[in-house]
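Here is the structure we will look at, set down as structure tokens.
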Amino acid sequence: MNKSLVAIVKGSTDPDASQIDALVREAVALTGGLGSFVTRGDTVIIKPNLIAPASPEQGATTDYRICKCLADQVRELGGRPVIAEGSGTGIDTEDSIKASRYDLLRSGGYEVVDLKKSRTVLLPVPKGTVLSEIMVPEIVLKADAIINVPKMKTHGQVLATLCVKNMKGILPDSLKKKFHTTYGVFRCVAELATVVKPSLNVVDGIIAQEGLGPLLGTPVPMGLVIAGRDPVAVDTITALIMGIDPYALETSKRAAELGVGTINPDEIKVVGSRIEDVSRRFKLSSEAMYEFLHMPYGFDLVFNEKACTGCRNGVLATLRDLEIAGRMDILRGLRIVCGKTESNLPPTDKKTLLVGACTAQHKSDFGFLGGCPPNCVDVLAAIMAWADGDAK
Ligand code: SF4
């Protein structure tokens, strides 16, 4: 059996630009080199994670020096590198480009493109069950190759956001939102992975992030670059390094079920450093949030057994925002319920807000917010509506 190859390269936890260049080149070489899929004249999309305005030191966005090194290698092969990203829903990508210093690359003559301003085209999804077609930027569809450059970090809704999840960033805001509110984000991201297929995935683990990711977590200097052709296999190995069960990564697991790659560690060959020599247990977003949150008296938070991490972490992330804003008091007298239940909900004197599509069977009796999982912004809006007296 041919195993998926994943390279782990470890360097200094505080590398300079030349050391980062060397790390990336070593990782790419261990996977077979860019020359195995880039030829003269090719346009190559380099897709970082620029979720929101954040400096490289925060560990939330892909280090611009990694993308520079990849762009340089594409140029050395006679190709045209295009660094392209669309930040999170509602966020101006140009603000992220400046904060994460990609403007330095732009002023140095590299193409850095905001995908939110790009023309989109419809792409059929033959294996889709929730998506029959998907709107993607034309520049991505027409590219000869894609290099996916995600960040190694924990995430409030999908445990860790790595290779498979990172490609959601190419989509227009309207579709990103629908992934949560209408289609179900785990399944949709997996179905996207069946039709938009990076030729190489290079995880930025130079300064990773744990805890309240994907934006507000704690930086973790790791000095790592992890690379491979199979995005699911790279996610699996990166998750193991972070002390996370790869099968708990819903997006990667569903991508594996659709044949995108392998999630089984026995089917992956690791080259470079060994997992056990570079691993470190990352604090999950949910663990960090429970440390941080001060639940007010008179508030019930009910996570039924079947509530998966998407809804759990989405609600906790929303409560974190209320905690930061000093508004936890508005939760008094509210019960929030996540996760499917077969039986009736226990009676309560509190107003009840059902969160997530799989609580829909009770929606005639209580306040209800759909989505799978719902977007945190929508959870916050639903709680605020309750506070204003609109909920049941
Ligand atoms: S709606 Fe249900 S399946 Fe979807 S994320 Fe929430 S708990 Fe999970």
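Order of listing sets the numbers, starting from 1, for every ligand and every atom in it. Nothing fancy with the numbering, it's 1 onward along the sequence. Fair warning: this is a prediction, and the values are worked out from it, not measured in the lab.
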If we number the atoms of ligand 1 from 1 as shown, the ones under 4.0 Å from a heavy atom of Cys358 are 1 (S), 2 (Fe), 7 (S)
For Gly371, the atoms of ligand 1 under 4.0 Å from one of its heavy atoms are 1 (S)
Here the atoms of ligand 1 under 4.0 Å from any heavy atom belonging to Gly356 are 1 (S)
CZ of Arg80 to OG1 of Thr43, rounded to nearest 0.5 Å, is 4.5 Å
Cys338 touching ligand 1 at heavy-atom level, < 4.0 angstrom
no
So the side-chain hydrogen bond (donor to acceptor under 3.5 Å, both in side chains) pairs with at least one residue in residues 211-231 (sequence neighbours excluded) are Ser4-Asp230, Ser36-Arg229
**Message:** Between Glu26 (side chain only) and Leu23 (backbone N and O only), is there a donor and an acceptor less than 3.5 Å apart?
**Reply:** no
(message) If we only consider heavy atoms of Pro374, is any one of them less than 4.0 Å away from an atom in ligand 1?
(response) no
Tell me whether Lys151 contacts the main-chain N or O of Ile207 through its side chain, where contact means a donor paired with an acceptor under 3.5 Å. yes
With no hydrogens and no angle check, is any side-chain donor or acceptor of Lys47 less than 3.5 Å from a backbone partner on Val149?
no
The atoms of ligand 1 lying under 4.0 Å from a heavy atom of Pro373, numbered in the order shown, are 5 (S)
Within 45 degrees of the axis of the six-membered ring of Phe179 and under 6.0 Å from its centre: does Arg187 put its NZ or CZ there? no
I'd like to know if atom 4 (Fe) of ligand 1 has an N/O/S atom from Cys311 within less than 2.8 Å of it, counting both backbone and side-chain atoms. no
So the atoms of ligand 1 within less than 4.0 Å of a heavy atom of Ala357 turn out to be 1 (S)
